[in-house]
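Notes to accompany the following structure.
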Amino acid sequence: MVVSLFSSRNVFYTLSLCLFAALYQPVMSRPAKFEDDFRIAWSDTHITQIDGGRAIQLKLDPSSGCGFASKKQYLFGRVSMKIKLIPGDSAGTVTAFYMNSDTDSVRDELDFEFLGNRSGQPYTVQTNVFAHGKGDREQRVNLWFDPSRDFHEYAISWNHLRIVFYVDNVPIRVYKNNEARKVPYPRFQPMGVYSTLWEADDWATRGGIEKINWSRAPFYAYYKDFDIEGCPVPGPADCPANSKNWWEGSAYHQLSPVEARSYRWVRVNHMVYDYCTDKSRFPVPPPECSAGI
């Protein structure tokens, strides 16, 4: 049973978001089979292709988690996949979907991390942005639906001006290019696309208070509709700087009015942590926190 956290106004707005998501289709969508763009990165015994390779199952048990990675790296573009998360008591587990430069001290990374929960509690998604090795930009949002009952689309849009994290085409986070304020922005290093399912009960659920219940193992997450559109590296050298790439178009310079309303609604009603307002960590908010949308 899904726990309702909504007032009647929130329910109405949620229905509006669902209608918006149903009507809006991302440009140039190209769902592919798993093997077209991805490879198993670790624990191949825990990843199973289903539906002719159009979907996969990830498994976590006491012996291992698992993960997969894109065959190529990309510099700017849009990546998305539909995920159905672990149902029931998933405390202590983390299902991650992210982009990573695969470098050490100067790592760039864009994270979705779905933090497991105790049965009946809302699923929390944590996003983070690493640029030139600097991270510590966590934000957490409680999802307004049960992501274990069906597939939902999670997407990262990345261009020269901004990064946007989307859930079912609803923006939940915007990170702008604020290099003019001396804030690093990931625009030099290509990144691969990754996903993992693993145990993190030292921090994932209520700061590590809730531990994983291995009697419920194995834990399963499901993926489908893999879509990567961007500039592959190695690839055409002029692609990353090409202003005619669709993701660099004026429509992707800022949120539309409908997206902006949805974004504010999510952050007012469902945000549970924002590093920008954490005075214990940042007595003076980082400069990018005043950038708005």
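In this structure, Val141 is not a member of the same hydrophobic cluster as Leu115, with clusters built from ILVMFWY side-chain heavy atoms closer than 4.5 Å. Side-chain heavy atoms closer than 4.5 Å link hydrophobic residues (I, L, V, M, F, W, Y) into clusters, and following such links, possibly through other members, connects Leu197 to Ile212. Placement of Phe130 and Val183 in two distinct hydrophobic clusters is found when ILVMFWY residues are connected by side-chain heavy-atom separations under 4.5 Å, directly or transitively. Put simply, Ile86 and Phe145 are part of the same group of oily side chains (I, L, V, M, F, W, Y) that touch within less than 4.5 Å, one to the next. Using a 4.5 Å cut-off between side-chain heavy atoms of Ile, Leu, Val, Met, Phe, Trp and Tyr, with links allowed through other members, Phe97 and Tyr220 fall into different hydrophobic clusters.
Identified under the ring-ring contact (aromatic ring centres under 6.0 Å, His included) test for residues 52-74, with sequence neighbours left out: Phe34-Phe68, Phe38-Phe68, Phe68-Tyr223. Sequence neighbours left out, the pairs with a member in residues 187-200 that pass salt bridge (Lys or Arg N to Asp or Glu O under 4.0 Å) are Glu179-Arg187.
Using a 4.5 Å heavy-atom threshold, the side chains of Glu259 and Val164 count as separate. Side-chain contact between Ile163 and Pro186: present, with at least one pair of heavy atoms (C-beta onward) separated by less than 4.5 Å. Counting heavy atoms from C-beta on, the side chains of Phe76 and Cys239 never come closer than 4.5 Å. By the 4.5 Å heavy-atom criterion applied to side chains, Gln73 and Asp102 are counted as neighbours. Counting heavy atoms from C-beta on, the side chains of His46 and Ser63 come closer than 4.5 Å. Using a 4.5 Å heavy-atom cutoff, the side chains of Ser80 and Asp227 are in contact. Side chains of Phe151 and Asp225 form no contact here, defined as non-hydrogen atoms less than 4.5 Å apart. At least one side-chain heavy atom of Leu255 sits less than 4.5 Å from a side-chain heavy atom of Arg162.
The minimum heavy-atom distance between Thr205 and Gly92, with the atom names listed, is OG1-N, 2.9 Å. Residue Trp214 comes nearest to Pro62 through the heavy atom pair CZ3-N, 3.5 Å, listed as atom of the first residue, atom of the second, then distance. Residue Gln189 comes nearest to Trp158 through the heavy atom pair O-CH2, 3.7 Å, listed as atom of the first residue, atom of the second, then distance. Closest approach of Pro287 to Arg181, counting heavy atoms only: O-NH1, 2.9 Å. Shown here for Thr103 and Asp108, the closest heavy-atom pair between the two residues is OG1-N, 4.3 Å. Of all heavy-atom pairs between Ala91 and Arg118, the closest is CB-NH1, 3.3 Å.
When only modelled atom types and interatomic distance are considered, Asp111 and Thr127 share no side-chain donor-acceptor pair under 3.5 Å. Between Tyr273 and Gln126, the side chains place no donor N or O within less than 3.5 Å of an acceptor N or O (distance only, hydrogens not considered). Remark: the Tyr123 side chain and the Ser90 side chain contain an N/O donor-acceptor pair separated by less than 3.5 Å.
A donor-acceptor distance shorter than 3.5 angstrom exists from the side chain of Asn117 to the backbone of Gln121, with no hydrogens or angles considered. Looking at Asp61, its side chain does come within 3.5 Å of a backbone N or O of Ser64 through a donor-acceptor pair. No donor-acceptor pair under 3.5 Å is formed between the side chain of Asp168 and the backbone N or O of Val170. A donor-acceptor pair under 3.5 Å links the side-chain atoms of Asn159 to the main chain of Leu161, judged by distance alone. Remark: side-chain polar atoms of Asn269 are paired, donor with acceptor, to backbone N or O of Trp265 under 3.5 angstrom. With Ser70 contributing its side chain and Asp37 its backbone, the two residues share no donor-acceptor pair below 3.5 Å.
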Item checked: Derivation and outcome, side chain to side chain contact (heavy atoms under 4.5 Å, CB included), residues Thr95 and Phe219 -> CA-CA 10 Å; Thr95 307; Phe219 301 98; over 6 Å; no
Next item on the list: Determine, step by step, whether Ile172 and Phe112 satisfy the side chain to side chain contact (heavy atoms under 4.5 Å, CB included) criterion, reporting the C-alpha distance in whole Å, the side-chain angles of both residues, the deciding distance to 0.1 Å, and the verdict.
Entry: CA-CA 11 Å; Ile172 67 167; Phe112 271 114; 4.0 Å; yes
Next item on the list: Go through the steps to decide whether Tyr166 and Tyr263 satisfy the test side chain to side chain contact (heavy atoms under 4.5 Å, CB included), and finish with yes or no.
Entry: CA-CA 10 Å; Tyr166 287 95; Tyr263 174 79; over 6 Å; no
Next item on the list: Mind running side chain to side chain contact (heavy atoms under 4.5 Å, CB included) on Lys224 and Arg54 for me, showing each step along the way?
Entry: CA-CA 6 Å; Lys224 67 176 184 178; Arg54 287 181 287 274; 6.0 Å; no
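Rounding to the nearest 0.5 Å gives a distance of 5.0 Å between CG of Leu85 and OH of Tyr154. A distance of 11.0 Å separates SG in Cys276 from CD in Glu138, rounded to the nearest 0.5 Å. Remark: Leu143 CG to Thr124 OG1 distance equals 7.5 Å, nearest 0.5 Å. With rounding to the nearest 0.5 angstrom, the NZ atom of Lys59 is 11.0 Å from the CD1 atom of Ile47. A distance of 7.5 Å separates CD of Glu113 from OG1 of Thr196, quoted to the nearest 0.5 Å. Atom CD1 in Ile156 sits 8.0 Å away from atom CE in Met191 (nearest 0.5 Å).
Residues forming a side chain to side chain contact (heavy atoms under 4.5 Å, CB included) with Ala200 (at least two apart in sequence, or on another chain): Val94, Trp198, Asp202, Trp203, Ala204. Legend: residues meeting side chain to side chain donor-acceptor pair (under 3.5 Å) with Glu248, ordered by chain and number and at least two apart, are His160. Listed by chain and residue number, Leu110, Arg137, Phe165, Arg173, Tyr175 satisfy the side chain to side chain contact (heavy atoms under 4.5 Å, CB included) test with Val129 (two or more places apart in sequence, or in another chain). Residues satisfying the side chain to side chain donor-acceptor pair (under 3.5 Å) test with Tyr185, not counting sequence neighbours, are none.
For Arg206, the CZ atom sits in a loose shell: 12 or fewer heavy atoms of surrounding residues, nucleotides or ligands are nearer than 6.0 Å.
The side-chain hydrogen bond (donor to acceptor under 3.5 Å, both in side chains) test with Gln139 is passed by exactly one of Thr277, Asp274, Asn128: Asp274.
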